[in-house]
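Here is the structure we will look at.
Numbered from 1 within each chain, the chains take letters A, B, ... in sequence-line order. Just so you know, these numbers come straight off a predicted model, no measurement behind them.
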Amino acid sequence: MSQSRQRKPDAHQARRVPFGIRRARNRPSGRAAVRRPSRGLIPCGGSRADIFSSLGSVSGTVSESGTMSSDVRVRFAPSPTGYLHIGGARTALFNYLFARHHRGTFILRIEDTDRSRFDKGALAEIYESLRWLGLDWDEGPQAGGAAGPYVQSERAALYREHADELLRSGKAYRCFCTPDRLDRVRKERERAKAPTAYDRHCRNLPGGEAEKLLASGTPHVIRLAIPDGRTVSFDDRIRGHIEYDASVLDDLVLLKSDGLPTYHLANVVDDHHMRISHVFRGDEWIASTPRHILLYEAFGWPPPVFAHLPVILSPDGGKLSKRKGAASVMDYKRGGYLPEALFNFLALLGWSPGDDREKMSRPEMIQAFSLEKVSPKASVLDEKKLAWMNGLYLQDASVDSLRGTVVQWWKDAGVVGAEAGADDPHFAKVISLMKDRSKTIAELTENAAYFFADPAAYEEKAARKHFKERAPELLRTLARALEQAPSFDHASLEEIYRAQAEEAGVSAGKLIHPTRLAVTGVSFGPGLFELLEVLGRETVVRRMHRAAERVEKGKSHHAE
RNA sequence: GGUCCCGUCGUCUAGUGGUUAGGACUCAAGGUUUUCAUCCUUGCAACAGGAGUUCGAUUCUCCUCGGGACUACCA
């Protein structure tokens with residue numbers, strides 16, 4: 001019995017291993033463990049990497065107090081074809097956490113080799129999203145760095161050189177097949193229910209034919225010649241050993257006929273030259289990884305460590321899409337979530353610190369982050385839980401840190417004028433009153449409307465309960481008392497109400513509820529006396545008289 | 001069709017051969033509060049199925065089922 005109680009701390013201790021060592025997942029690999037010194041994971045060599053040699057090789061293990069930087073270099077490599085998807089953001093986040101944990105380098109690289117799908121707005125949104133989440137990159141566009149440029153369209157010559165190199169060594173070949181023929185072959189294979197891989201038609205063109213076609217300017221691509229009779233395997237850091245039979249791999253296109261590289265070539269070349277040590281990317285890349293490994297082999301480069309992250313699903317189990325609600329980082333910003341909360345929530349989607357902690361500061365997450373605790377399983381984004389966590393952050397946030405954002409929301413909602421200043425002390429009071437009882441800034445904005453405009457209607461159910469026929473008289477009596485109150489702070493107001501209640505021989509609630517409804521139109525909200533104080537005497541008295549009139553005119557049961 | 005990945009409460013997860021399978025969100029009930037929210041207490045709720053290995057499987061192996069990815073001169 002005591003045995004099992006003691007297991008937990010022990011297990012926890014055992015998890016604190018240097019980053020370069022991990023146990024294997026329980027995949028059908030027959031391998032007991034994947035243990036490699038960190039240094040072996042770092043791609044090195046290759047002429048272009050020489051400029052980095054001054055960095056030398058330092059230990060990848062970071063001591064708790066150490067400030068030593070490591071050889072860990074990771075990158076987030078989005079394609080600027082659309083908004084930054086929340087799943088992509090999570091991938092970026094894990095890269096970031098890993099880099100910071102190991103005091104390594106977090107790189108941003110833009111993969112814009114598909115000219116037809118390039119979208120300038122998308123690129124701007126990616127930067128904005130990353131910055132908003134606080135995922136600052138050490139190298140990349142807008143940040144610079146020795147391995148630049150970090151935009152692939154600016155590196156076209158480099159890819160061509162490397163494609164040529166492979167051509168010369170016979171590891172790649174020119175393919176003159178027309179899209180038409182490719183299509184035809186594929187369809188035939190589909191019909192025959194055979195693998196749809198490219199049939200390698202151009203791999204062994206009869207002598208001289210390739211040269212002839214080339215000389216005549218026939219459009220062509222460059223394909224990697226996948227070797228026969230091989231198995232290709234790699235040890236995915238979160239999935240364990242994965243093995244492919246090379247015969248199922250097709251001769252992938254390296255260089256397109258427009259002279260630009262495909263993802264595969266650009267990715268491998270850049271990861272090598274940028275000395276990327278660990279590649280964390282979405283799991284849709286798993287099937288391409290063996291081809292990438294073969295490409296590294298063809299170049300004679302050691303591959304980086306791979307870890308494929310699971311996807312984030314919508315509550316219905318499908319892909320998260322705009323159609324179903326929020327899918328991009330900016331959607332969540334527009335939804336009124338705090339970046340710190342989203343960061344925390346996203347970190348916990350697919351990763352856990354191994355204990356029960358949920359709300360964690362960024363340094364805590366960085367400290368605790370480890371690949372071993374990353375789950376291979378796709379996860380569903382539960383907005384209810386996100387809202388809960390956001391509420392926690394809203395409570396803990398200072399009014400000062402919130403006021404800029406919140407006041408902007410109010411302006412956008414039209415509840416305050418565009419000329420309003422965020423430093424208005426009145427705004428600060430409203431925020432401090434409302435932030436603890438709101439889950440999002442959107443909700444805070446909605447619930448704070450009565451601070452800026454008299455209620456247009458009274459909550460029906462509450463009106464039936466609190467606006468009985470004696471209400472007008474009651475409200476006017478209270479209004480008079482408030483008019484004469486020597487001071488309009490919440491403590492004095494409470495005294496007045498308690499005294500009035502005692503005088504009338506009723507519970508304070510009998511006065512409080514009608515007052516709240518009269519001044520806000522709703523039956524819930526902050527403590528009444530703090531509320532009245534912030535609203536101010538004039539507003540309160542006016543609204544109470546107004547409510548009294550409305551009750552008399554029988555308009556009180558207008559639904560809101 | 002082929003190849004690969006994944007499978008613990010509704011959801012996020014802990015768990016690495018022996019646990020009353022733990023926590024969190026949601027939901028429900030109660031308590032605190034002038035209301036709401038917070039907070040506190042309690043409750044509902046899971047190892048996809050089947051074989052095998054083992055004294056013993058949530059945990060290891062295999063199969064089935066279910067979900068997903070890839071199978072572009074897109075990433």
Side-chain angles (χ1 to χ4, degrees), chain A residues 1 3-5 7-8 11 23 25-28 77-79 81 111-114 116-117 175 177 179 182-183 186 189-197 219-223 236 239 242-245 248-250 252-258 260 262-264 266-267 282-290 308 310-311 313 315 317-319 345 348-358 373 375-389 391-392 395 434 436-439 447 462 494 497 501 507-513 515-517 522-529:
Chain A
M1 171 162 180
Q3 205 174 11
S4 65
R5 294 218 184 280
R7 237 178 49 219
K8 199 149 196 171
R23 64 183 173 78
R25 291 265 160 173
N26 351 308
R27 290 304 83 159
S79 181
T81 54
E111 311 226 328
D112 60 344
T113 55
D114 184 350
S116 60
R117 293 206 304 158
C175 171
C177 292
L182 259 18
D183 208 41
R186 188 165 38 244
R189 297 220 167 196
E190 253 167 47
R191 253 197 311 279
K193 298 203 186 297
T196 53
H220 64 278
V221 301
I222 295 177
R223 285 182 187 272
D236 188 286
R239 283 156 218 273
I242 298 177
E243 217 169 64
Y244 279 81
D245 185 339
V248 305
L249 273 25
D250 65 350
L252 77 169
V253 173
L254 262 21
L255 210 64
K256 298 178 274 187
S257 56
D258 65 1
L260 284 176
T262 58
Y263 168 85
H264 308 287
N267 184 261
D283 64 9
E284 70 270 24
W285 293 110
I286 292 178
S288 296
T289 304
H308 291 92
V311 294
L313 271 17
K319 273 188 191 160
F345 182 79
L348 257 24
L349 217 51
W351 172 74
S352 87
D355 50 44
D356 287 341
R357 283 181 291 172
E358 295 219 272
K373 305 296 296 176
S375 163
K377 194 186 121 191
S379 46
V380 172
L381 195 155
D382 180 0
E383 288 211 35
K384 283 245 177 70
K385 188 160 185 176
L386 206 211
W388 162 77
M389 181 164 277
L392 253 37
Q395 278 177 40
M434 300 305 286
D436 290 0
R437 42 180 35 83
S438 305
K439 296 232 184 291
N447 292 341
E494 178 155 12
Y497 266 66
S507 70
K510 292 277 186 229
L511 311 184
I512 288 170
H513 297 307
T515 304
R516 175 188 301 285
L517 188 59
V522 294
S523 62
F524 57 90
L528 183 74
F529 308 111

(message) Using atom C1' in both nucleotides, what's the gap between B:rA37 and B:rG31 to the nearest angstrom?
(response)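 Between the two C1' atoms, the distance is 16 Å.
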(request) Between B:rG49 and B:rG10, how far apart are the P atoms? Round to whole Å, please. (result)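 Going atom to atom, P in each nucleotide, I get 12 Å.
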(message) Over all strands shown, is A:Leu528 touching base, sugar-phosphate only, or nothing at heavy-atom distances under 4.0 angstrom?
(response)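 Result for A:Leu528 = base.
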(request) Have a look at A:Pro526 and say if it touches a base, only the backbone sugar-phosphate, or nothing, with a 4.0 Å heavy-atom cut-off. (result)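 Since a base atom lies under 4.0 Å of A:Pro526, the category is base.
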Ignoring backbone atoms, test whether [X] places a side-chain nitrogen or oxygen under 4.0 Å from the OP1 or OP2 oxygen of [N].
| X | N | value |
| --- | --- | --- |
| A:Arg186 | B:rU71 | no |
| A:Thr113 | B:rA75 | yes |
| A:Arg223 | B:rC73 | yes |
| A:Ser379 | B:rU13 | yes |
| A:Lys319 | B:rG68 | no |
| A:Ser523 | B:rC36 | no |

Protein N or O to nucleotides 2-4 of chain B N or O, pairs below 3.5 Å:
{"unit_1": "B:rC4", "atom_1": "O4'", "unit_2": "A:Tyr244", "atom_2": "OH", "d": "3.4"}
{"unit_1": "B:rC4", "atom_1": "O2'", "unit_2": "A:Tyr244", "atom_2": "OH", "d": "3.0"}

Every protein N/O lying under 3.5 Å from an N/O of nucleotides 23-27 of chain B:
{"unit_1": "B:rA24", "atom_1": "O4'", "unit_2": "A:Glu358", "atom_2": "OE1", "d": "3.0"}
{"unit_1": "B:rA24", "atom_1": "O2'", "unit_2": "A:Glu358", "atom_2": "OE1", "d": "2.2"}
{"unit_1": "B:rA24", "atom_1": "O2'", "unit_2": "A:Lys385", "atom_2": "NZ", "d": "3.4"}
{"unit_1": "B:rA24", "atom_1": "N3", "unit_2": "A:Lys385", "atom_2": "NZ", "d": "3.0"}
{"unit_1": "B:rC25", "atom_1": "O2'", "unit_2": "A:Lys385", "atom_2": "N", "d": "3.3"}

(request) Mind telling me whether A:Tyr497 and A:Phe529 have parallel, tilted or perpendicular rings, with 30° and 60° as the class edges? (result)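 The rings of A:Phe529 and A:Tyr497 stand perpendicular, inter-plane angle above 60°.
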(request) Return the set of residues passing side-chain contact (heavy atoms from CB on, under 4.5 Å) with A:Asp250 (not counting sequence neighbours), or none when no residue passes. (result)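 side-chain contact (heavy atoms from CB on, under 4.5 Å) check on A:Asp250 returns A:Ala197, A:Tyr198, A:Arg291.
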(request) Not counting sequence neighbours, which residues clear salt bridge (Lys or Arg N to Asp or Glu O under 4.0 Å) with A:Asp245? List them please. (result)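 Applying salt bridge (Lys or Arg N to Asp or Glu O under 4.0 Å) to A:Asp245 gives none.
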(request) Identify, with sequence neighbours excluded, every residue that meets salt bridge (Lys or Arg N to Asp or Glu O under 4.0 Å) alongside A:Asp114. (result)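 Scan of A:Asp114 (salt bridge (Lys or Arg N to Asp or Glu O under 4.0 Å), adjacent residues dropped) gives A:Arg117.
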Check nucleotides 43-47 of chain B against the protein and report each pair of N or O atoms closer than 3.5 Å, with its distance, or say if there are none.
none

(message) Using only modelled atom types and a 3.5 angstrom limit, is any donor from either the side chain of A:Arg117 or the base of B:rC74 paired with an acceptor on the other?
(response)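 Check passes, donor-acceptor contact within cut-off.
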(message) Taking pairing as Watson-Crick or G-U wobble with both contacts under 3.5 Å, can you name the mate of B:rU54, or confirm there isn't one?
(response)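 Here B:rU54 is not engaged in any pair, so there is no nucleotide opposite it.
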